[in-house]
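Below is one structure, written out as structure tokens; comments come after it.
Each residue takes its place number in the sequence, starting with 1.
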Amino acid sequence: MIERFLTQTEFTSVEDFRENLRFIVPDNFNFAYDVVDAWAEEKPGKLAMLWTDDNDECIRFTFSDLKEQSDRAAAYFLTLGIGRGDVVMLILKRRYEFWLSMLALHKIGAVAVPATHMLTTHDIVYRNNMAGVKAIVCVGDDYVMAQVKGSVARSPSLKTLVSVGPKVYDGFHDWHKEWGGAPPFVRPAHANSNGDTMLMYFTSGTSGEPKMVAHDYLYPLGHIVTGVFWHNLAEDSIHLTVADTGWGKAAWGKLYGQWFAGAVVFVFEHQKFTADKIMRKIEQYRITSLCAPPTVYRFMIHEDFTKYDLSSLRYCCTAGEALNPAVFDKFFELTGIMLREGFGQTETTMTLGTMPWMTPKPGSMGMPNPQYDIDLVRPDGTPCGDGEKGEIVIHVDGGKPLGLFKGYYRDGERTAQVWHDGLYHTGDMAWRDSDGYYWFEGRVDDVIKSSGYRIGPFEVESALMTHPAVVECAITGVPDDIRGMVVKATVVLGKEWKGKAGDDLVKELQAHVKRETAPYKYPRIIEFVDELPKTISGKIRRVEIREKDGLKVELRMKEKERVACLSHSV
């Protein structure tokens, strides 16, 4: 399949990949027709998706099944008045109807907006009005349908609600009762052009309101590198990416690149994550390839690996947040598998990664994906040298690279803030070693300036994570009259350490960081918490920690002023 879209399909080295990766871009490319339906024509009985849930129900979809059922879904959407250019929000958890809906919307030229099931009515109203959502297709559970129904009165563009069950509220169409009555699907003469908007994601909002990221119909092509090369997938692969369908990581790991490779996409619809559940599924279904955020691996390495047969697992990747070297080392010790880190954003496909022909460096994001022209720059825009921290940028003066977003939908001002002077600014900091590997430092806004030093949160977090007491941590800066900022660690302890939280453990952790990294980086403040604040996509909200600490500082200052006033009065 990929030979239709690449001039060369096998690579043996960094140099080979960098020099010879070339895409063949068809006119009016449509992933649903040109990849999924093409597989259905060539190998109709080939397994494409393996779906299971907490009750161990198992449904197998061949490529022929996907073509037939996505055609039926496309015909059904047309009967509901959904057509080319219409915006449809999908709140479907990991229900298999998500994949049918995505393919169906591609086939009729509509715009898909995947969203998480944890949204509130307020969140849905914001998205409806920002994107001009015409229809919502959602799971039929009480919470989701109540939030969706509550958004209708304040969403003028919203015309149609669809439930895939098990429940169906008044005012919702019943997918499984109605879709069988749709007329046979007829492929539109012109469903899309390459530059049309195909997909929109709202960013997770680690700071400020979520932005609306718009991707065109060529976006799936950019994920050939993600699935075929970074995930190292082939037709005999069974791949699991741990991600909710409401987030961009699902497009990275559960749809586009995987089906370019002809791999089986494994989907586990579960209500609550545990490492044990994931490991049981790997064993039961003989999964060969896994991609998950570092948090999942952090929990996995605390399990007893002797209880599981993970011998089918051949290849593992991670993205979403930076990987601590301590997790890499422990997972390798337990499995013999080296985790391969990748980096990208909702706005991009994979921009940096550790490919199969590369030796992983624990904690490194790898090297640039040659479909992007990547650099590191100083605040004044000049290039950084090796070993120097800078912002990761993508050169766009030669045109928009394949896989990069079109811009923030209906928000030219925000687009111009990150896309200007021939560069797309990622807002992420890193440094590059002499071998060309990139090392994550944190968001530009997260960098701590203390006593003249610039300290990246990740380097301190990595040092803390090597201590056996620490399960998770977040490093932030706290305002300080003398140093400007001081480093603070917010720490989640392992179960066996929670009773030891106190001054002695604080001193032990501080001493540990001083031994593991430059002493000036050690956290002068350590706070123990039961859990870290996170976005609904699971990313740590350091901004929330900073805001709380800023409020505490403000209250202390007001108290000082009050006491000073009282003393003056006396």
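- Neither side chain, Gln147 nor Thr120, offers a donor N or O lying under 3.5 Å from an acceptor on the other.
- Atoms CG and CG, from Leu509 and Leu493 in turn, are 7.5 Å apart once rounded to the nearest 0.5 Å.
- Using a 4.5 Å cut-off on side-chain heavy atoms (C-beta onward), Val296 and Thr318 make no contact.
- Counted by atom type alone, Tyr408 and Glu413 present zero donor-acceptor pairs between their side chains at under 3.5 Å.
- More than 12 heavy atoms of other residues, nucleotides or ligands shown are found within 6.0 angstrom of OH on Tyr308.
- Ile374 CD1 to Ile392 CD1: the interatomic distance, rounded to the nearest 0.5 Å, is 7.5 Å.
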Could you please spell out the steps behind the ring-ring contact (aromatic ring centres under 6.0 Å, His included) verdict for Tyr297 and Phe328?
CA-CA 9 Å; Tyr297 292 107; Phe328 178 103; over 10 Å; no

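- For Lys507, the NZ atom is loosely surrounded, since the number of other residues' heavy atoms within 6.0 Å does not exceed 12.
- Residues passing the salt bridge (Lys or Arg N to Asp or Glu O under 4.0 Å) test with Arg95 are Glu97, sequence neighbours excluded.
- Salt-bridge check for Lys488 with Glu527: passed, with a basic side-chain N closer than 4.0 Å to an acidic carboxylate O.
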Audit row: Lys277, Asp54, salt bridge (Lys or Arg N to Asp or Glu O under 4.0 Å) steps and yes/no:
CA-CA 9 Å; Lys277 283 184 180 181; Asp54 277 329; 3.4 Å; yes

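- The closest side-chain heavy-atom distance from Met145 to Cys138 is below 4.5 Å.
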What side-chain donor-acceptor pairs closer than 3.5 Å can you find for residues 353-369, not counting sequence neighbours?
{"from": "Thr354", "atom 1": "OG1", "to": "Glu341", "atom 2": "O", "distance (Å)": "3.3"}
{"from": "Lys361", "atom 1": "NZ", "to": "Asp433", "atom 2": "OD2", "distance (Å)": "2.9"}
{"from": "Lys361", "atom 1": "NZ", "to": "Asp435", "atom 2": "OD2", "distance (Å)": "2.7"}
{"from": "Ser364", "atom 1": "OG", "to": "Gly366", "atom 2": "N", "distance (Å)": "3.0"}
{"from": "Ser364", "atom 1": "OG", "to": "Tyr438", "atom 2": "O", "distance (Å)": "2.9"}
{"from": "Asn369", "atom 1": "OD1", "to": "Gln371", "atom 2": "N", "distance (Å)": "3.1"}
{"from": "Asn369", "atom 1": "ND2", "to": "Met350", "atom 2": "O", "distance (Å)": "2.8"}
{"from": "Asn369", "atom 1": "ND2", "to": "Gln371", "atom 2": "OE1", "distance (Å)": "3.1"}

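- Residues passing the salt bridge (Lys or Arg N to Asp or Glu O under 4.0 Å) test with Arg94: none are found, sequence neighbours excluded.
- Using a cutoff of 4.0 Å between basic side-chain nitrogens and carboxylate oxygens, Glu388 and Arg432 are not scored as salt-bridged.
- Between the side chain of Ser155 and the main chain of Ser151, a donor-acceptor pair closer than 3.5 Å is present.
- Considering only residues two or more places apart in sequence or on other chains, Phe528 meets the ring pair (Phe, Tyr, Trp, His ring centres under 6.0 Å) condition with none of them.
- The side-chain heavy atoms of Phe202 and Asp123, taken from C-beta on, include no pair separated by under 4.5 Å.
- Qualifying salt bridge (Lys or Arg N to Asp or Glu O under 4.0 Å) partners for Glu508, counting only residues two or more places apart in sequence or in other chains: none.
- Taking Asp373 as the reference, nothing meets the salt bridge (Lys or Arg N to Asp or Glu O under 4.0 Å) condition, with sequence neighbours excluded.
- Between Arg524 and Tyr522, the closest heavy-atom pair is NH1-OH, 3.1 Å.
- One distance of note links CD1 of Ile475 with CD1 of Ile545; it measures 9.0 Å at 0.5 Å rounding.
- When all heavy atoms of Val225 and Phe17 are compared, the closest pair comes out as CG1-CZ, 4.0 Å.
- Note: Tyr256 and His223 have parallel aromatic rings, judged against thresholds of 30 and 60 degrees for the angle between ring planes.
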Go through the steps to decide whether Met465 and Cys473 satisfy the test side chain to side chain contact (heavy atoms under 4.5 Å, CB included), and finish with yes or no.
CA-CA 7 Å; Met465 284 296 297; Cys473 62; 4.1 Å; yes

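- The closest donor-acceptor contact from the side chain of His512 to the backbone of Ala463 lies under 3.5 Å.
- Partners of Lys495 according to the side chain to side chain contact (heavy atoms under 4.5 Å, CB included) rule, which considers only residues two or more places apart in sequence or in another chain, do not exist here.
- Defined by atom type and a distance below 3.5 Å, a donor-acceptor pair is present between the side-chain atoms of Gln345 and Asp428.
- Open room surrounds CG on Asp503; 12 or fewer heavy atoms of other groups in view lie less than 6.0 Å from it.
- Checking Glu472, Glu461, Glu303 one by one against Arg298, the salt bridge (charged side-chain N to carboxylate O under 4.0 Å, His left out) holds for a single residue, Glu472.
- Looking only at side-chain heavy atoms (C-beta outward), Thr197 and Asp216 stay at 4.5 Å or farther from each other.
- Taking the side chain as every heavy atom from C-beta outward, Pro294 and Asn324 never approach each other to under 4.5 Å.
- Among residues at least two apart or in separate chains, salt bridge (Lys or Arg N to Asp or Glu O under 4.0 Å) pairs with a member in residues 322-335 are Lys330-Glu333.
- The 12-atom threshold is exceeded at CG of Asp304, counting heavy atoms of other residues, nucleotides or ligands nearer than 6.0 Å.
- Qualifying ring pair (Phe, Tyr, Trp, His ring centres under 6.0 Å) partners for Phe266, counting only residues two or more places apart in sequence or in other chains: Tyr285.
- When all heavy atoms are compared, the tightest approach of Leu92 to Glu269 is O-OE2, 4.5 Å.
- The CG atom of Leu402 sits 12.0 Å away from atom OG1 of Thr348, with the distance rounded to the nearest 0.5 Å.
- Under the ring pair (Phe, Tyr, Trp, His ring centres under 6.0 Å) criterion, Tyr424 pairs with Phe405, not counting sequence neighbours.
- The NE2 atom of His231 sits 4.0 Å away from the NE2 atom of His239 when rounded to the nearest 0.5 Å.
- Smallest separation of non-hydrogen atoms from Glu391 and Gly427: OE2-N, 2.8 Å.
- In terms of heavy atoms, Ala489 sits closest to Leu464 at CB-CD1, 3.6 Å.
- Tyr143 and Leu119 get closest at one heavy-atom pair: OH-O, 3.2 Å.
- A salt bridge links Asp276 and Arg280; the closest N-O separation between the charged side-chain nitrogens and carboxylate oxygens is under 4.0 Å.
- Residue pairs meeting the ring-ring contact (aromatic ring centres under 6.0 Å, His included) criterion with at least one partner in residues 482-504, sequence neighbours excluded, are His467-Trp497.
- Looking only at side-chain heavy atoms (C-beta outward), Cys384 and Trp431 stay at 4.5 Å or farther from each other.
- Side chain of Gln417 to main chain of His425: no donor-acceptor pair is present (N/O by atom type, distance under 3.5 Å, no hydrogens or angles).
- For Tyr315, there are no ring pair (Phe, Tyr, Trp, His ring centres under 6.0 Å) partners at least two apart in sequence or on another chain.
- Classification of Lys249 and Asp244 as a salt-bridged pair fails, no side-chain N sitting under 4.0 Å from a carboxylate O.
- Between Ile136 and Asn128 there is a side-chain heavy-atom pair separated by less than 4.5 Å.
- Distance CG/Leu505 to CD1/Ile526: 7.5 Å, rounded to 0.5 Å.
- Side-chain contact between Leu255 and Val265 is absent, with no heavy-atom pair separated by less than 4.5 Å.
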